[in-house]
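Report on the following structure.
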Amino acid sequence: MNKFVQLSADIGKLWANYGSGYLSGIRNTLILALIGTVIGCLIGFVCGVLNTIPHEKSDPPVRRFILCLIRVVVRVYVEVFRGTPMMLQAVFLYYGLPYFTNNAVKWGSVWAAAIFVVSINTGAYMAESVRGGIISIDPGQTEGAKAIGMNHVQTMTSVILPQALRNIMPQIGNNFIINVKDTSVMFIIGFPDFFAAHRAAVGATYLYFPSATVEMAGYLTMTLIASFLLRYVEKRLDGDSSYELAEADMLTMPAGTYKHPDKGTPFDERSREYKEDQ
């Protein structure tokens, strides 16, 4: 029991002296994670769409070559940035650029470097998520769009992507939560995030475990709030599950054939009509 009392006292001492640093680190972490996720999603959407452009043997050779080249470039990008740790990516991009240019080219700001690293890392994961989301849409959707005269761009923007977005929304939220935690590696290039505040407090006080407890509680709070907001957004995208079929048109299908899946069908025990007939 005395250990918990001592831990509480040490945490209180840390917060009194370094609370502003912790709060500033939390703010920087959230900003970096949010901006990196948004830009990464845009990169992922572009790569995912480019990677799913159809081509056939009857297409001109130039078109087929360009599309194949695009897919190779996207594949290399995805495999490299998805297969290496974000910390090493930050080291190579932040310190490697001046190394190979003899300090002729440098990052003007650690913020710019951190946002770039998080964005391209997120984009590599989102590229595959978007590709999977597009492939998951029923091919009949594409055939129907072509049947009414839509070209590929119109089909993607008006038919496929809106449905794919709903399918990959959990992955977008998952990437944001991952970025909230993984931005802790940006201390390697001097970014003032939440973990950097922890390192600064520990270096001054040597209270490693109490500071780590503050860090754990802070990261857990941020991720739980992000998870709650994500579920709220998903629920809003799903819309209202309670609806009534308009029956003004004589061609409207009769009752019993448009039951919402959550409310059962006429062929099982969950159906309201089934219960009324019993």
Side-chain angles (χ1 to χ4, degrees), residues 29-55 67-68 70-86 89 114-146 150-183 185 219-220 222-241 260-262:
T29 293
L30 290 175
I31 292 175
L32 176 60
L34 182 60
I35 295 177
T37 302
V38 171
I39 298 177
C41 286
L42 295 177
I43 295 173
F45 267 92
V46 172
C47 292
V49 171
L50 290 176
N51 209 19
T52 55
I53 297 177
H55 63 88
L67 291 178
C68 290
I70 289 175
R71 293 190 178 187
V72 170
V73 172
V74 171
R75 175 55 58 186
V76 171
Y77 159 65
V78 169
E79 295 300 333
V80 169
F81 285 95
R82 198 176 58 170
T84 55
M86 187 186 292
Q89 295 170 13
I115 290 174
F116 182 77
V117 172
V118 175
S119 298
I120 60 175
N121 183 273
T122 304
Y125 285 93
M126 283 305 304
E128 287 299 287
S129 298
V130 172
R131 186 179 70 87
I134 292 174
I135 294 175
S136 68
I137 305 302
D138 193 322
Q141 300 283 328
T142 302
E143 295 172 1
K146 291 181 177 180
M150 285 187 175
N151 56 33
H152 180 72
V153 176
Q154 292 172 328
T155 301
M156 293 298 297
T157 56
S158 301
V159 179
I160 304 301
L161 287 182
Q163 299 178 73
L165 177 62
R166 174 60 186 87
N167 292 342
I168 65 177
M169 183 59 68
Q171 185 60 34
I172 294 176
N174 188 49
N175 281 329
F176 174 72
I177 292 173
I178 290 174
N179 285 339
V180 168
K181 298 179 296 181
D182 284 0
T183 51
V185 304
Y219 279 115
L220 182 61
M222 286 188 285
T223 55
L224 286 177
I225 293 175
S227 297
F228 173 79
L229 294 176
L230 173 64
R231 289 189 178 92
Y232 175 77
V233 171
E234 289 180 7
K235 185 177 180 181
R236 296 290 296 179
L237 288 175
D238 285 340
D240 192 356
S241 61
H260 190 276
D262 293 340

- Are more than 12 heavy atoms from other residues, nucleotides or ligands located less than 6.0 Å from atom CZ of Arg82? yes

- Nearest-0.5 Å distance, CG of residue Asn174 to OG1 of residue Thr37: 10.5 Å

- Message: Looking at every non-hydrogen atom in both residues, tell me the closest pair between Tyr77 and Cys47 and how far apart they are.
- Response: CE2-SG, 4.0 Å

- Query: Can you tell if the side chain of Leu161 reaches within under 4.5 Å of the side chain of Val49, non-hydrogen atoms only?
  - Reply: yes

- Which heavy-atom pair separates Ile177 from Ala226 by the least distance, and what is that distance? CG1-CB, 4.0 Å

- Query: If you measure from CZ on Phe176 to CG on Leu230, what distance do you get to the nearest 0.5 Å?
  - Reply: 10.0 Å

- Message: Just so I know, are the side chains of Phe45 and Ile168 near enough to count as touching, which here means a heavy-atom distance under 4.5 Å?
- Response: yes

- Interatomic spacing from CG in Asn121 to CD in Gln89 - rounded to 0.5 Å: 4.5 Å

- Message: Is there a salt bridge (charged side-chain N to carboxylate O under 4.0 Å, His left out) between Glu128 and Arg131? Walk through the geometry before answering.
- Response: CA-CA 5 Å; Glu128 287 299 287; Arg131 186 179 70 87; 3.1 Å; yes

- If we only count heavy atoms from C-beta on, is the Val130 to Asn51 side-chain gap below 4.5 Å? no

- Query: Under 4.5 Å between any side-chain heavy atoms of Asp138 and Gln163, yes or no?
  - Reply: no

- Query: Below 4.5 Å, heavy atoms only, C-beta onward: do Leu32 and Ile115 meet side chain to side chain?
  - Reply: yes

- Query: Taking atom CD1 of Ile160 and atom CD of Gln141, what is their separation to the nearest 0.5 Å?
  - Reply: 6.0 Å

- Check Gln154 against Met150 and note the closest heavy-atom contact, atom names and distance. OE1-CA, 3.3 Å

- Identify the two heavy atoms, one from Cys41 and one from Ile172, that lie closest to each other, and give their separation to 0.1 Å. SG-CG2, 3.8 Å

- CG on Leu50 to CD1 on Ile70, rounded to 0.5 Å: 5.5 Å

- To the nearest 0.5 Å, how far apart are CD1 in Ile120 and CZ in Phe81? 3.5 Å

- Between Thr29 and the options Asn179, Thr183, Leu34, the side chain to side chain contact (heavy atoms under 4.5 Å, CB included) test singles out Thr183

- Query: Which heavy atom of Met156 sits nearest a heavy atom of Pro162, and at what distance?
  - Reply: O-CD, 3.8 Å

- Item | Pair Ile43-Ile39, side chain to side chain contact (heavy atoms under 4.5 Å, CB included): steps then yes or no | CA-CA 6 Å; Ile43 295 173; Ile39 298 177; 4.1 Å; yes

- Heavy-atom closest pair, residues Val78 and Ala127: CG2-CB, 3.8 Å

- Message: Within the structure provided, determine whether Leu229 and Ile225 are in side-chain contact (heavy-atom separation under 4.5 Å).
- Response: yes

